[in-house]
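This report concerns only the one structure given below.
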Protein chains: 2
Amino acid sequence: MASSGTGPRRVTIDDVARSAGVSRQTVSRALNDKNEIGESTKQRVLDAALELGYRPSRFARGLVRQDTISVGLVIPDLLNPFFTEVAAAALDAARARGWHVVVYDTGDRVEEERGTLAVIASQVDAVVGYLSQPEDEIDKLTRGLPVVLIDREHHAERFSAIRIDGKEGVHAAISYLVESGHRRIGMLDHAGRSEPSIRHDWFAGAMTACGLDAGPVSRADQSVEGGENALKELLAAHPDVTAVFTFNDIIAIGALRAARRLGRTVPQDLAVIGFDGLRLGELVEPPLSTVALDTRHLGALAVEQTARLLTRSGPLSRDELVVRAELRRRESA
Amino acid sequence: MASSGTGPRRVTIDDVARSAGVSRQTVSRALNDKNEIGESTKQRVLDAALELGYRPSRFARGLVRQDTISVGLVIPDLLNPFFTEVAAAALDAARARGWHVVVYDTGDRVEEERGTLAVIASQVDAVVGYLSQPEDEIDKLTRGLPVVLIDREHHAERFSAIRIDGKEGVHAAISYLVESGHRRIGMLDHAGRSEPSIRHDWFAGAMTACGLDAGPVSRADQSVEGGENALKELLAAHPDVTAVFTFNDIIAIGALRAARRLGRTVPQDLAVIGFDGLRLGELVEPPLSTVALDTRHLGALAVEQTARLLTRSGPLSRDELVVRAELRRRESA
DNA sequence: TTGAAAGCGATACCAT
DNA sequence: ATGGTATCGCTTTCAA
């Protein structure tokens, strides 16, 4: 984990100074392009530095300059388009502030997440993340660091969390399906740790509000294949279902594919509505209708809250830390 | 760009020590969970730290521990699936080494890229990137830092570069099309700065090798819409074209969509072969045939070379720094 | 233009 | 169990 140990001793500014026959301040001046230095001296120093392969220690430099902020972004899987979008948004918001973002992809493994959090504290000024660790664990591992959680409902006071509120959006989606004549509407829920998911609660609530029984549910892994299998299961058990709402767009895309293989035309024979509003949804056939989240806003909010935590200016209140979802009709429903 | 200036003076370990009535070593012990400390003292220190909102300086800590490596990953656009895959692969390879990766998304803007490079030197130990800056600029901005370039053909000795060699893959693709009976094969090239692209050279070379004239070319922006428009143009001007090879998969997906709108069935009426081998290609309809790159390998190679540069163990040779592409047949051709 | 000395904020090593 | 002191590698401040 280190460059220490075996490797040759680090080349320091003093080595360069010695080699060039000047003091280290002069070296510093040469390297930082100050003008209070003779051209020839400068060149000599630069040559010596190059020769020795000298690179300034960012720690030493940072220690005295103290002018950089970096935040750790912890996500389960960068290849999951949802997290790609969140990450891109966070990167953008951070760049606007001149911050550096250290990205950690935990590969969906809880141990990796623990390891990451354990190591992160000494590397960044704050953490933004989609974490699955229990709160007391997070607390222990990030002691002292500002932490902004993404999409966690319950949380101790120590943390900030950006909540995702899809209630109205899901309601709009279900209403729309009902208005289009659908009565048997199923859901492809996430096969995660908390089941049924909150998104399922929204679904069930919306169904009830429409005077319908919550339809059949099938559990799907968070992947296209997962969605594919789940839809097949669902339709096998409940062939009368004419519309499905899915936990997210990835699963919905799997559903689209399964429907095609089953010979069901979307949206005529089966309407599909996803959740997340991924750009990806525009590319599939037919383009996916979805309950869309503003991921840019999500990322920006997370960074904004981090900034407030960092400067101890008043943090955003719980009510401001919400991203609402809204129905985005495309062609799958 | 800093937290310095206005904000209150930073809380240091000495403040905590004073407040808790102990020495700073004791504070250090309490915070780092050493066991050579009394339980009650520890608690008192922890409380004081919490009270004061103390957070250790990562620079000071890094300075004395010297056991972390972080590399900067500079890419033009994280939302471009190709770069998402490369980034994910690099992240993975870096994690395996215990490195930290600071990600910079320059939003495809050259000035941003310059700014990023300028600021990066004091933040990371090495740079891996897909850069569009001229080489002498890069050299100037990263003076001293190891730099590994991705997909740059020409380069000064100072840099390492991972080359992408699609010659054989493209040849296989064109051969396959020809064997399938195609004679008029067009290309949707990238509307970038160097035109025609190297990928076009491969295309032209393959056509010649098959005894055909290089077909008509249309230029496309790097986007789905770009591909869509480019295919429409191409077919309008050359309706006899029965197959197209595209600069990349994104453009190919646009072509797929345009073909559908034009009433041309893929692959019967029009065969399409992309380049890159994005996962995304599996999701579209029909699944995209493509000349695929191993992005995981690409990311791993970049990180491996960075490691060698960093430890001054023999760097990989030019011949080893290549990722070859190969034809991956799916259903669009 | 150059150099000497004083930090920056932590940890490690050695006393006690 | 606790404290003193040296040290990490650099920039800044002040003299010369």
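Chain letters run A, B, ... following the sequence lines, proteins first and then strands; every chain starts at 1. Below, all heavy atoms of this structure are taken into account, side chains as well, without hydrogens, waters or symmetry copies.
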Out of [options], which has the shortest distance to the side chain of [X]?
X: B:I37; options: C:dA4, D:dT2, D:dC8; answer: D:dT2
X: A:A60; options: D:dC10, C:dA10, C:dT11; answer: D:dC10
X: A:T26; options: D:dT12, C:dG3, D:dG9; answer: C:dG3

Heavy-atom nearest nucleotide on DNA chain C taken for B:Q25 and for A:S40; more 5' hit belongs to A:S40
Find the distance A:F59:CZ to D:dT11:P and express it as a whole number of Å. 15 Å
May I ask you to say what B:K34 touches in the nucleic acid, namely base, sugar-phosphate or nothing, with a heavy-atom cut-off under 4.0 Å? sugar-phosphate
Across the strands shown, which category fits B:R55 at heavy-atom distances under 4.0 angstrom: base, sugar-phosphate, nothing? sugar-phosphate
In numerical order, the residues of residues 12-24 of chain B whose heavy atoms come under 4.0 Å of DNA chain C are B:T12, B:I13, B:R24
Can a side-chain donor-acceptor contact be found between [Y] and [X] if the only test is distance below 3.5 angstrom?
X: B:T142; Y: B:R158; value: yes
X: A:S70; Y: B:Q123; value: no
X: B:E113; Y: B:T106; value: no
X: A:S317; Y: A:E320; value: yes

Could you tell me the separation between the CD atom of A:Q66 and the CZ atom of B:R10, rounded to the nearest 0.5 Å? 6.0 Å
Between B:Y54 and B:I13, the two heavy atoms sitting closest are CE1-N, 3.4 Å
Tell me whether A:E51 is salt-bridged to A:R44, with the criterion being a basic N under 4.0 Å from an acidic carboxylate O. no
Salt bridge or not for B:R163 and B:D151, using N-O below 4.0 Å? no
Apply ring-ring contact (aromatic ring centres under 6.0 Å, His included) to B:Y104 and list each qualifying residue two or more places apart in sequence or on a separate chain. A:H100
Using only heavy-atom distances, decide whether a donor-acceptor pair under 3.5 angstrom links the side-chain of B:R29 to the base of D:dG3. yes
Once hydrogens and angles are ignored, does a donor-acceptor distance under 3.5 Å link the base of C:dG9 to the side chain of A:Q66? no
To the nearest 10°, give me the bend of the helix from C:dT1-D:dA16 to C:dT16-D:dA1, comparing the axes of its five terminal pairs at either end. 30°
